[in-house]
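Here is the naming used below: chain letters follow the sequence lines, and residue numbers restart at 1 for every chain.
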Number of protein chains: 4
Amino acid sequence: MLLTVDANDKRPIYQQIVDGVKALIARGDLQEGTPLPTVRQVAGDLRVNLNTIAVAYRQLQDEGFLSVRHGAGTVVSIRPGRSIETEDLRKPLRPALTELILTGLSDEAIAGIVRQELKALRLKGDRR
Amino acid sequence: MLLTVDANDKRPIYQQIVDGVKALIARGDLQEGTPLPTVRQVAGDLRVNLNTIAVAYRQLQDEGFLSVRHGAGTVVSIRPGRSIETEDLRKPLRPALTELILTGLSDEAIAGIVRQELKALRLKGDRR
Amino acid sequence: MLLTVDANDKRPIYQQIVDGVKALIARGDLQEGTPLPTVRQVAGDLRVNLNTIAVAYRQLQDEGFLSVRHGAGTVVSIRPGRSIETEDLRKPLRPALTELILTGLSDEAIAGIVRQELKALRLKGDRR
Amino acid sequence: MLLTVDANDKRPIYQQIVDGVKALIARGDLQEGTPLPTVRQVAGDLRVNLNTIAVAYRQLQDEGFLSVRHGAGTVVSIRPGRSIETEDLRKPLRPALTELILTGLSDEAIAGIVRQELKALRLKGDRR
DNA sequence: GTGGTCTAGACCACG
DNA sequence: GTGGTCTAGACCACC
């Protein structure tokens, strides 16, 4: 698996897992139907508590990104389970963009950074 | 008062205050030297405990956005408190952009949304 | 416990904790990865309120000396949080040195005192 | 007068005044018998509250550095009014030295910095 | 169990 | 009157 957890990251571990899986799906590394490692295996690899991984998988399932087939493991499922409002998608962008503005960067410079990040997030197979 | 707190927001109250003040500075509503309302006043307006506001003001001071004079008030102070690395500014962007990608939006569409948000975050003069 | 608080000390309690932990790190008693006692334990040992210790730990985290994991404990983490300018390190020296000068001590005598203090502040190995 | 106050300094204003006068005495710019400007004048020059300067003068008087002659103003008085224990002089040195140690500087390097500072504090007539 | 946040209320230091 | 600190006690998020 390409997942990692960073102790210095301010996000809780379960959130890092959730975001990590989403990133892998977004870039195409994980496709519809791809089986995911078991909770136990991820927990062992990342040296993290079992419950933490279970919470992450549970949230991914709630959001419709994972499909749990009883006795047959977990597979990726692209169809989102809950409807998303664009406002909810824009909100988390704002504090991040505000920080960039406060460093004195121009709108063009910030747009350039965003374009770089988008490119990096879509580069299939780009192991961090 | 230009600050608000939203009970539904997942960020803690003090963080909402911090982000709110930064946004006001970024858009030019608060300029260098502008006095801020007292801790007690903000606390009263927002129906929030005194200490919560004090924590927010303290963090803003640590980051160099406020200059707090003990018995006197608080004023905006743009000087950078700690140097920020661009990597630290890019990281919070990624989960937000990933969510946008997962909705199926194209890079162009996402860049358009970012441009809209940047425009909204700037008020007085779109400088640069 | 190696930490103490002195009611006669003019520094606030949380600052004494911060300085105390830094001193333990500087002398090598606390090394990278060493777990720190929990907030509750320190609070109990020193007969001080929980929040006061939490404030100290938080400041140490902001300065990059501690890595706090939410549900897990706290460990020492030497990585620098913010870059420090030498000028900021020299300033607090000046009032202290001025007081020594005013007692009539020679530069050599003062330098001797400083050397003594440096020796006392280092324990494990006087490296370098 | 050569006194200044810095809003960004963490010390309270009255303490900056106290330290400033002591520094001027230590470097010889103010000598025994030298008259000091009135509280009112200093307050006006520094654009600071009258009471703040009065508190500073009061503390300097308590420590024996100022002598107030009723109706004849205030003059410098080198004989310290209260006995000083060396331990009390060493204590404020420690947090400052600890910070220097934590940056990784060697004892020699730190001693060098101290020597530089001592030299600067003694340079008569060196306007900051 | 851990740390994080918030409240209510108190007292002190500063200007 | 301002901000700074501290307490006691509560509830929540995380592991």
Side-chain angles (χ1 to χ4, degrees), chain A residues 5 7 10-18 43 46-56 59, chain B residues 5 7 9-17 35-43 46-61 66-75, chain C residues 5 7 9-17 35-43 46-61 66-75, chain D residues 5 7 10-18 43 46-56 59:
Chain A
V5 293
K10 276 158 295 184
R11 291 170 297 168
I13 294 177
Y14 85 91
Q15 187 67 55
Q16 293 185 40
I17 305 290
V18 169
L46 301 181
R47 305 193 160 234
V48 159
N49 191 293
L50 259 173
N51 289 330
T52 306
I53 308 298
V55 166
Q59 181 172 330
Chain B
V5 291
D9 197 316
K10 276 163 295 185
R11 291 170 299 168
I13 296 176
Y14 80 91
Q15 187 67 55
Q16 294 184 40
I17 306 288
L36 261 76
T38 69
V39 169
R40 281 172 177 80
Q41 182 161 8
V42 177
L46 301 182
R47 308 294 201 98
V48 160
N49 188 277
L50 241 163
N51 290 329
T52 304
I53 308 299
V55 165
Y57 273 30
R58 181 175 187 169
Q59 179 172 333
L60 284 164
Q61 184 186 25
L66 298 187
S67 175
V68 181
R69 288 84 155 268
H70 197 127
T74 307
V75 298
Chain C
V5 292
D9 197 314
K10 275 162 295 185
R11 290 170 299 169
I13 296 176
Y14 80 90
Q15 187 67 54
Q16 294 184 40
I17 306 287
L36 261 76
T38 69
V39 169
R40 282 171 177 82
Q41 182 161 8
V42 177
L46 301 181
R47 308 294 201 98
V48 159
N49 188 278
L50 241 164
N51 290 330
T52 305
I53 309 298
V55 166
Y57 273 30
R58 180 174 188 170
Q59 179 171 333
L60 284 163
Q61 184 186 24
L66 298 186
S67 174
V68 181
R69 290 84 154 267
H70 198 128
T74 307
V75 298
Chain D
V5 291
K10 277 157 296 187
R11 292 171 296 169
I13 294 177
Y14 86 90
Q15 187 68 54
Q16 294 184 41
I17 306 288
V18 168
L46 301 182
R47 306 192 159 230
V48 159
N49 191 292
L50 259 171
N51 289 330
T52 305
I53 308 297
V55 166
Q59 180 172 331

task = State whether B/T74 places a side-chain N or O below 4.0 Å from either non-bridging phosphate oxygen (OP1 or OP2) of F/dG3.
result = yes
note = When rounded to the nearest 0.5 Å, the distance separating OH of A/Y14 from NE2 of C/H70 is 10.0 Å
key: Rounded distance (nearest 0.5 Å) linking atom CD of B/Q61 with atom OG1 of B/T74   = 8.0 Å
Trace of the side chain to side chain contact (heavy atoms under 4.5 Å, CB included) decision for D/L46 with D/Q16 = CA-CA 12 Å; D/L46 301 182; D/Q16 294 184 41; over 6 Å; no
d(CD, B/Q59; P, F/dG4) in whole Å = 14 Å
message = Nearest whole Å is fine: how far is F/dT5 C1' from C/R58 CZ?
response = 16 Å
key: From B/Q15 atom CD to B/T52 atom OG1, the distance as rounded to the nearest 0.5 Å   = 13.0 Å
task = Mind calculating the distance between CD (C/Q41) and P (E/dT2) to the nearest angstrom?
result = 8 Å
request  = Of all the heavy-atom pairs spanning B/P37 and B/V42, show the shortest one and how long it is.
outcome  = CG-CG2, 3.6 Å
key: Spatial distance of atom CD (C/Q41) from atom CG (C/L36) [nearest 0.5 Å]   = 10.5 Å
request  = Calculate the interatomic distance between C/I53 atom CD1 and E/dT5 atom P; express it in whole Å.
outcome  = 17 Å
Matching residue for C/I13 among C/N49, C/I53, C/V5, C/V55 - test: side chain to side chain contact (heavy atoms under 4.5 Å, CB included) = C/V5
note = From NZ of D/K10 across to C1' of F/dG4 the rounded distance in Å is 16 Å
inquiry  = If the condition is salt bridge (charged side-chain N to carboxylate O under 4.0 Å, His left out), which residues does B/R69 pass it with, not counting sequence neighbours?
reply    = none
note = Nearest heavy-atom contact between A/A7 and C/S67 is O-OG, 4.0 Å
note = Atom CD of B/Q61 and atom P of F/dT2 are separated, to the nearest Å, by 17 Å
task = Take nucleotides 10-15 of chain F nucleotide by nucleotide from the 5' end and write B, S or -, depending on whether a protein heavy atom sits under 4.0 Å from the base, only from the sugar-phosphate, or from neither.
result = ---BBS
query = Given that B/V68 and C/R47 both sit by DNA chain F, which one's nearest nucleotide is further toward the 5' end?
reply = B/V68
Dot-bracket encoding of pairs in DNA chain F, which uses [ ] for pseudoknotted crossings and | for another strand, Watson-Crick or G-U under 3.5 angstrom = ||||||||||||||.
